[in-house]
**Q** 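Below is the structure I would like to discuss, written out as structure tokens.
Note that ligands are numbered from 1 as they come in the structure, with each ligand's atoms numbered from 1 the same way.
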Amino acid sequence: PTDDALLEVRNIEVIYNSVILVLKGVSLKVPKGGITALLGGNGAGKTTTLKAISNLLKSERGEVTKGQILYRGERVQDMLPSDLVKRGVIQVMEGRHCFEHLTIEENLMTGAYTRGDGRAKVEEDLELVYTYFPRLKERRKSQAGYTSGGEQQMCAIGRALMSRPETILLDEPSMGLAPQLVEEIFGIVKDLNEREGVSFLLAEQNTNVALRFAHQGYILESGRVVMDGKASDLRENPDVKEFYLGMS
Ligand code: ATP
């Protein structure tokens, strides 16, 4: 990763239903080429931060009431999610993995819809996704709703890749998955970062695994960043060990 921030969140406040203050001045930077972990317990504000960035709060009656969100120095907080996709930023949402009634391959193809380039390019990217996720190739004709949770998570990441993103906002990829699959998915995230240069902002409750794969991290508590730094430093920090890594 470089020092240049691709994405910068500056002191944002988010309020739901005009009254509930959930983010109380969150600032963070996602450097180009890095994996940045956004950590914290249930309800700390991780998902809200990601949704604020990709402008997905409106349907939840949420609103950014203070601060700024910049991508490559450009103010993006009033843009449609699709405008952000055009700029290279895409969100993989927690839980809502795939369109259940479409096949895996059809799901992947829906990820290419914002692109103006031809069929050949799209086919090429489909092959690229299958190189990273051989399981998706095996299951490509299967209806997504009948594949496993792990395969659906892979499908969601694969679909995001089809938009040729520069940055992926990945919400809780480990959610509900067996440890071995979590390792597999994080391993692929790392490969995508290293070989394709995709930058990641990764919201995770699983601090342990996230800090092993990320370069840097931010820890949120009740809507505030309480700690941040290099992943290796956070792993060694006594408070992080005690409160987040389950050892003292
Ligand atoms: P999780 O791991 O559960 O997703 P999180 O860190 O992502 O946790 P958020 O989902 O961002 O946390 O939630 C932060 C706080 O905002 C919580 O207290 C939650 O109850 C509240 N919240 C989330 N969505 C809404 C909403 N649509 N309306 C009102 N409050 C909300």
**Q** Atoms of ligand 1 less than 4.0 Å from Glu172 heavy atoms?
**A**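 Near Glu172, the atoms of ligand 1 are 2 (O).
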**Q** Just to verify, which of Leu21, Val26, Thr48 counts as forming a side chain to side chain contact (heavy atoms under 4.5 Å, CB included) with Val14?
**A**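 Single pass found, and it is Thr48.
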**Q** When you measure from the heavy atoms of Gly41 to every atom of ligand 1, does any distance fall below 4.0 Å?
**A**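 Contact present.
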**Q** Do Ser27 and Tyr218 have a side chain donor and acceptor closer than 3.5 Å?
**A**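 No - no donor-acceptor pair under 3.5 Å links their side chains.
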**Q** Regarding ligand 1, does Val22 bring an N or O atom to under 3.5 Å of one of the ligand's N or O atoms?
**A**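 So ligand 1 has no N or O lying under 3.5 Å from an N or O of Val22.
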**Q** Measuring to protein heavy atoms, does anything land under 4.0 Å from atom 10 (O) of ligand 1?
**A**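 True for atom 10 (O) of ligand 1.
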**Q** Does the salt bridge (charged side-chain N to carboxylate O under 4.0 Å, His left out) test come out yes or no for Lys121 and Glu124, once each step is laid out?
**A** CA-CA 5 Å; Lys121 268 268 170 233; Glu124 214 175 272; 3.3 Å; yes
**Q** Considering only the protein, which heavy-atom contact is closest to atom 5 (P) of ligand 1, and what is its distance?
**A**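 Among all protein heavy atoms, the one nearest atom 5 (P) of ligand 1 is Lys46 N, 3.5 Å.
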**Q** Starting from Leu50, can I reach Phe200 by hopping between I/L/V/M/F/W/Y residues whose side chains sit under 4.5 Å apart?
**A**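 Different hydrophobic clusters.
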**Q** Quick one: do the Tyr146 and Gln152 side chains pair a donor with an acceptor below 3.5 Å?
**A**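 Side-chain D/A pair, Tyr146 to Gln152: absent.
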**Q** Can you tell which part of Glu94 has a heavy atom less than 4.0 Å from ligand 1: side chain, backbone, both or neither?
**A**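 The side chain, only.
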**Q** Can you tell me which residue and heavy atom of the protein come closest to atom 14 (C) of ligand 1, and the distance to 0.1 Å?
**A**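 So the nearest neighbour among protein heavy atoms is Gly43 O, 3.3 Å.
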**Q** I want to know if ligand 1 touches Thr49 in the polar sense, i.e. an N/O pair below 3.5 angstrom.
**A**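 Not met; the criterion fails.
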**Q** Look at atom 25 (C) of ligand 1 and say whether a protein heavy atom is found at less than 4.0 angstrom from it.
**A**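 Within 4.0 Å: yes, protein heavy atom nearby.
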**Q** Same hydrophobic cluster for Val182 and Tyr132, using side-chain heavy-atom links shorter than 4.5 Å among ILVMFWY?
**A**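 In one cluster: yes.
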**Q** Can the positive tip of Arg159 be found less than 6.0 Å from the middle of the six-membered ring of Phe99, inside 45° of the ring normal?
**A**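 Yes, Arg159 and Phe99 form such a contact.
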**Q** Going by distance only, is there an N or O of Ala44 that falls short of 3.5 Å from an N or O of ligand 1?
**A**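 So ligand 1 has an N or O lying under 3.5 Å from an N or O of Ala44.
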**Q** Using non-hydrogen atoms of the residue, decide whether Gly45 is closer than 4.0 angstrom to ligand 1.
**A**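 It does; at least one heavy atom falls under 4.0 Å.
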**Q** Would you mind checking which non-hydrogen protein atom is closest to atom 3 (O) of ligand 1, with the distance to 0.1 Å?
**A**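 The answer is Asn42 OD1, 2.5 Å.
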**Q** Please tell me if the side chains of Leu7 and Leu70 come closer than 4.5 Å, counting only heavy atoms from C-beta onward.
**A**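 Leu7 vs Leu70: side chains apart.
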**Q** Counting only heavy atoms, which portion of Lys51 has something under 4.0 Å from ligand 1: side chain, backbone, both, or neither?
**A**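 Lys51 to ligand 1: no contact under 4.0 Å from either part.
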**Q** Can you tell me how far the CG atom of Leu6 sits from the OG1 atom of Thr167, to the nearest 0.5 Å?
**A**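 It comes to 4.5 Å.
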**Q** Relative to the heavy atoms of Asn17, which atoms of ligand 1 are at a distance of less than 4.0 Å?
**A**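 Those qualifying, in numeric order: 28 (N), 29 (C).
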